[in-house]
Amino acid sequence: MSSGEPAEADPLDRLRDSDVTLIVGGLAALYLAYVLVGIVAGLSPRGIFATITQLTLLITIYAMLTLALNLHWGYTGLFNIGIVGFMAVGGYTFLMVTMPVAEPAARSAGGLGLPFVVGLVGAVVAAALLGFVVGLPSLRLRADYLAITTIAMSEIVRYFYQSNAFQEVELGGILLGTGGGSGLVGGYTTPFDTYVYDAGWFEGVVEFVDTTFQISGTLGPNIETLFDALVLVVVVVGFYWLLKRTGESPFGRVLKAIREDEDVAGALGKDTGRFKMKSFMLGCALMGLAGALYVFFQLGNTVNPTVFRPRLTFFVWVALILGGAGSNTGSVLGAALFVGVLFRGPLYLKNAIENLVEFPDAPDTVAGGLSGFLSLDPVPFIAFLFDNMGSLRIILLGVVLIVLMKRRPQGLLGHRTETAAAVPLVPVETATPSSVAGSDGAEATDGGRVDTGQVDNEGVDGGGEGS
Amino acid sequence: MTTADPTVEDSEDEPTLKLEVETAELSAVPLRVEDLEKRFGGITAVDGASFEVERGTITGLIGPNGAGKSTTFNCITGFHRPDAGSVYFDDEDVTGRAPHELARAGLVRTFQIARELGEMTVMENMMLAPKNQSGETLWRSVLPGTRDGVRDQETVNLERTWRTLEFFELDHLWNEQAGNLSGGQRKLLEMARVLMTDPKVVLLDEPLAGVNPSLEARLLEHLHELADRGYTFLLVEHDMDVIMEHCEHVIVMHQGKVLAEGEPAAIRDNEEVIDAYLGEDV
Ligand SMILES: Nc1ncnc2c1ncn2[C@@H]1O[C@H](COP(=O)(O)OP(=O)(O)OP(=O)(O)O)[C@@H](O)[C@H]1O
Ligand SMILES: [Mg+2]
């Protein structure tokens with residue numbers, strides 16, 4: 001729980017100017033906490049390394065989802081609580097497009113056997129189309145109706161994939177299908193296998209690392225995860241870039257206006273329905289892409305319907321609320337904090353503490369846990385709590401949310417204004433060459449108009465100005 | 001009109017504000033309302049109102065509280081669908097058109113209770129308004145090749161925004177969240193913003209409520225300038241001095257109906273209007 005993030009609360013205020021500092025600093029603090037805890041608990045370096053690479057992988061997925069949700073909620077005020085539905089459609093579409101075509105004699109469904117990239121494009125398009133279908137009736141209604149529609153949609157999607165009605169479908173001679181309750185297993189050779197994991201250069205890297213660090217066994221699988229994580233970091237950077245540009249533009253300005261007061265945007269001649277639809281579809285497409293990447297990288301190119309339960313949607317919302325709706329940088333930080341501290345943190349701590357302290361077997365029931373108190377022995381209870389850390393952290397999540405809502409409802413960075421314009425919105429020098437105030441109080445006349453001191457604070461990407 | 005504080009007004013000339021469009025080319029009667037009716041449950045807010053607004057005028061719309069003035073505005077600008085009657089903009093029947101379509105055609109309005117975009121800065125509020133912003137197309141804003149064009153347009157709009165802000169004496173608030181403005185400042189922002197859309201006909205719902213006298217005079221002067229260039233204003237205002245002095249034509253509403261209309265002097269002496277609205281001592 002206390003993995004380092006209170007320490008960064010203070011410098012946070014000072015380093016606010018730079019997004020990169022914020023994100024990199026936040027991640028560094030998180031990783032440092034993990035490493036320190038690991039060292040103190042005497043976990044093996046390989047274990048710590050594995051934990052951190054997996055952590056990074058999950059953070060990137062959540063960062064993508066949170067960024068997409070930020071477009072919906074933070075920018076446009078669209079209350080989408082069906083995130084997992086768009087992920088599911090993305091993930092399933094990806095697999096169904098890329099899996100090899102089923103052999104004629106095969107009993108189980110195959111895919112379309114198309115290339116990896118086509119699978120990703122398919123995921124994006126499918127999720128965007130679903131967004132269109134969902135948005136068409138509900139975007140013109142009040143916000144709460146969109147919420148109801150999206151959550152219902154996400155459950156419909158899950159039941160659709162779970163049902164065996166579409167387990168196998170013959171389509172133009174090709175045996176396609178969703179796999180029903182047991183899902184789909186990719187099991188084919190991906191470009192990543194060919195060009196990375198099984199390639200000579202990669203084996204060379206692994207051999208180099210193994211010999212350098214003298215670790216018993218091989219770090220091969222961990223380096224594969226690290227590679228995956230780095231690929232996903234690049235994708236997150238892409239998401240961030242795209243959404244930053246989207247936000248810092250006249251388009252983003254209209255979205256913000258819709259969030260604030262849709263009628264005003266309409267009164268100023270903006271076709272709010274179209275803008276909402278575009279924003280919604282773009283966000284859904286990105287959620288679909290994140291879903292596909294989740295399936296490929298996190299789930300090992302397999303998928304089954306139980307993955308896509310509504311709690312995933314809820315988690316993404318927690319990440320956004322933590323980071324601060326309306327801020328892209330906050331979204332990434334929120335995702336890191338959520339995964340690192342709230343989601344994986346408790347389990348890691350449990351792991352670490354168990355490595356230090358020998359626990360007796362945990363009782364199976366609450367009653368068993370409490371029974372120790374009769375003899376004033378708290379150990380069974382603590383052991384019980386530890387054994388149920390997976391569920392306990394959900395309680396922790398709730399507590400954090402409540403505290404946050406009371407103390408800092410705008411989240412970590414929600415107060416920060418990410419200006420919606422393609423150029424810095426600063427005062428324009430009005431041309432008054434005649435009256436150069438040489439006589440007296442020169443600074444008094446200039447000071448009021450062009451307050452460059454304030455401008456510098458605001459210039460989030462002042463560097464992008466030069467042409 | 002000189003401002004008290006000499007440091008602000010260092011250059012002699014008053015900031016002037018020019019709209020980018022040419023003189024609005026409209027018919028002689030750009031706005032016409034026929035037998036407009038709007039009911040809310042049992043209340044008939046607008047009850048068969050008909051009137052015309054002539055081009056290049058500042059026309060006053062007055063009447064007691066609840067007379068149906070704001071509801072009429074809402075029906076004209078597409079925020080409410082009238083139960084009966086029609087609205088003609090530039091001789092075209094536009095009844096029931098969406099607000100954004102009308103705004104794009106040049107028929108815009110301000111809200112009686114200012115509706116600033118609270119969590120956007122004053123600058124962002126203003127920059128939202130200009131028409132035909134190429135960057136409102138998503139791909140143009142995102143793709144590297146087209147974004148330069150978007151930036152150029154933003155720079156142009158920014159300059160105009162700044163001039164307008166100076167004119168409305170809001171420039172010192174440029175980076176303030178609109179939600180932090182005072183009541184009068186919000187009204188100013190709303191009016192400044194709507195003028196940024198290059199309108200042809202502007203419906204102003206009590207735009208001067210809470211605006212300080214010197215600025216009020218300058219704004220009215222500006223409205224006259226614009227009116228002389230062909231812009232048309234329909235102004236709801238409870239301050240009879242403003243109506244008498246600045247409107248060429250006055251429409252009086254009472255209980256959803258047009259009670260009287262005519263020149264200010266005639267309205268002032270109209271018995272019915274005195275009974276319903278003005279009272280004895282005007
Ligand atoms: N959305 C609404 N729902 C129900 N009744 C409404 C609505 N809008 C207005 N009314 C009613 O319609 C009548 C006319 O209201 P309107 O706001 O048009 O008056 P007004 O002339 O603008 O008054 P004021 O000078 O006080 O602004 C009032 O009786 C009001 O209660
Ligand atoms: Mg009114």
Side-chain angles (χ1 to χ4, degrees), chain A residues 241-243 245-254 256-261 263-275 278-279 282 326 415 417 419-432 434-435 437 441 444-449 451 454-455 457-458 464-465 467, chain B residues 7-8 10-13 15 77-79 98-104 108-111 115-121 123-125 127-129 131 133-138 140-142 147-148 150-151 153-155 157-159 161-163 165-166 171-172 174-175 177-178 190 193-194 196-197:
Chain A
W241 177 86
L242 174 69
L243 292 172
R245 280 213 166 198
T246 305
E248 290 175 359
S249 76
F251 179 80
R253 200 153 58 220
V254 177
K256 255 184 159 180
I258 290 171
R259 177 193 73 189
E260 294 298 309
D261 189 333
D263 281 348
V264 170
L268 293 173
K270 315 299 174 193
D271 186 351
T272 54
R274 282 182 76 93
F275 282 95
K278 283 185 187 175
S279 162
L282 175 61
H415 62 283
T417 43
T419 306
V423 296
L425 290 188
V426 297
V428 180
E429 303 250 5
T430 35
T432 50
S434 55
S435 63
T445 40
D446 290 344
R449 283 283 154 81
D451 194 348
Q454 263 186 304
V455 177
N457 277 340
E458 205 57 27
E465 254 297 272
S467 60
Chain B
T7 53
V8 177
D10 56 326
S11 61
E12 281 300 324
D13 37 63
T77 51
F79 281 87
H100 73 264
E101 293 177 66
L102 294 171
R104 254 187 243 168
V108 296
R109 58 90 57 88
T110 64
F111 295 93
R115 291 171 79 165
E116 75 290 345
L117 303 164
E119 290 203 14
M120 293 168 76
T121 64
M123 282 274 217
E124 284 178 304
N125 265 270
M127 291 285 286
L128 178 70
K131 275 195 261 194
Q133 298 195 43
S134 67
E136 282 176 7
T137 314
L138 178 57
R140 282 215 186 86
S141 276
V142 170
R147 191 166 166 96
D148 286 344
V150 172
R151 279 166 166 274
Q153 203 186 26
E154 291 269 273
T155 310
N157 284 336
L158 180 64
E159 208 189 305
T161 290
W162 186 248
R163 269 189 281 131
L165 283 180
E166 281 183 324
D171 48 332
H172 59 292
W174 63 278
N175 202 24
Q177 302 258 300
E190 174 134 349
R193 198 174 56 190
V194 90
M196 290 283 290
T197 63

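When reading the values below, keep in mind they use all heavy atoms of this one structure, side chains included, and skip hydrogens, waters and symmetry mates. Chain letters run A, B, ... following the sequence lines, proteins first, then strands; residues in each count from 1.
Contacts with chain A were tallied for B:Leu128, B:Thr110, B:Leu158; B:Leu128 has the most, counting heavy-atom pairs under 4.5 Å. Taking B:Pro99, B:Ser141, B:Ala103 one by one and counting their heavy-atom pairs under 4.5 Å with chain A, the maximum is reached by B:Ser141.
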Open item on the list: side-chain contact (heavy atoms from CB on, under 4.5 Å) for A:Phe251 and B:Val142? Distances and angles first, verdict last.
Closed with: CA-CA 10 Å; A:Phe251 179 80; B:Val142 170; over 6 Å; no

Task: B:Arg104 vs A:Asp271, side-chain contact (heavy atoms from CB on, under 4.5 Å): CA-CA, chis, key distance, verdict - done: CA-CA 10 Å; B:Arg104 254 187 243 168; A:Asp271 186 351; 3.5 Å; yes

TODO: Show the numbers, then the answer: is there a side-chain contact (heavy atoms from CB on, under 4.5 Å) between B:Val108 and A:Leu268?
DONE: CA-CA 7 Å; B:Val108 296; A:Leu268 293 173; over 6 Å; no

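For A:Arg274, no part sits under 4.5 Å from any heavy atom of chain B, backbone or side chain. The part of B:Gln133 that comes within reach of chain A is its side chain, from C-beta onward, which places non-hydrogen atoms under 4.5 angstrom from that chain. Contacts of B:Thr77 with chain A are absent, with no heavy-atom separation under 4.5 Å from either backbone or side chain.
Looking at every heavy atom in both residues, A:Val264 comes nearest to B:Phe111 through CG2-CE1, 4.2 Å. Taking every heavy atom of both residues into account, A:Ser249 and B:Arg147 meet most closely at CB-NH1, 4.1 Å. Contact detail for B:Met127 and A:Arg253: the closest heavy-atom pair is O-NH2, 3.2 Å.
With hydrogens and angles disregarded, no donor-acceptor distance shorter than 3.5 Å links the side chain of B:Glu136 to the backbone of A:Pro250. B:Arg151 contributes no side-chain N or O that, together with a main-chain N or O of A:Val423, makes up a donor-acceptor pair within less than 3.5 Å. In terms of modelled atom types and a separation under 3.5 Å, the side chain of A:Lys256 and the main chain of B:Leu117 share no donor-acceptor contact. No donor-acceptor distance shorter than 3.5 angstrom exists from the side chain of B:Arg115 to the backbone of A:Asp261, with no hydrogens or angles considered. Between the side chain of B:Glu154 and the main chain of A:Ala422, a donor-acceptor pair closer than 3.5 Å is present.
Taking B:Thr137 as the reference, B:Arg140 meet the side-chain hydrogen bond (donor to acceptor under 3.5 Å, both in side chains) condition, with sequence neighbours excluded.
The shortest side-chain heavy-atom distance between B:Glu124 and A:Leu425 falls under the 4.5 Å cut-off.
Note that CE of B:Met120 is 10.0 Å distant from OG1 of A:Thr419, once rounded to the nearest 0.5 Å.
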